[in-house]
Asks: 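Quick one: structure below, then a few questions.
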Amino acid sequence: MALEVKPQQSNTPTPSISPAPSARSKNMVIGIIVILVVSVVAASVWFALVSFNTTNQTPTVTTTTQSTGSAEIKTDADLQKLENELNNTNVDELETDLDANDTDTAQF
């Protein structure tokens, strides 16, 4: 009976070298990152534009070609009538109204 001696085995794992990623997988990862970045930037711009438009809404102004408060002057009698109305206007009252408008607009 002979003793068989087995060679010692080491317990250290053999280093496994993982294969290098292929160019195709690198390009796919870069493409996904670019798509994500572009999506985030586009969403940010869209959100900024939407919030800007809701806070800065300007009122629409309608213009008319003829004022409804003034009458059309067709004859000399109409002109005389308008002159009399203008001469009878109290200018001090107009200044009071303008001052009231100034104080109202100062509150904005």
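What you see is a predicted model; the values in this text were computed from it and never measured. The analysis underlying the following values was restricted to heavy atoms, covering all of them including side chains, and did not include hydrogens, waters or symmetry mates. Start at 1 with the first residue, then count along the sequence.
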Asks: Just to verify, what does D99 make a side-chain contact (heavy atoms from CB on, under 4.5 Å) with, not counting sequence neighbours?
Replies: D102

Asks: Testing the basics here: between S51 and A48, what is the closest heavy-atom pair and its distance to 0.1 Å?
Replies: OG-O, 3.0 Å

Asks: Would you indicate whether the side-chain heavy atoms of N87 and E83 approach each other to under 4.5 Å?
Replies: yes

Asks: Look up atom OG1 in T96 and atom CG in N101, then write down how far apart they are to the nearest 0.5 Å.
Replies: 11.0 Å

Asks: Can you tell me how far CG of D97 sits from CG of N90, rounded to the nearest 0.5 angstrom?
Replies: 10.0 Å

Asks: Got a second to check how far D78's CG is from D76's CG, nearest 0.5 Å?
Replies: 9.0 Å

Asks: Connecting only ILVMFWY residues whose side-chain heavy atoms lie within less than 4.5 Å of each other, what is the rest of V38's hydrophobic cluster?
Replies: I30, V34

Asks: Do V29 and I32 have side-chain heavy atoms sitting under 4.5 Å apart?
Replies: no

Asks: With rounding to the nearest 0.5 Å, note down the distance linking CE in M28 to CD1 in I33.
Replies: 11.5 Å

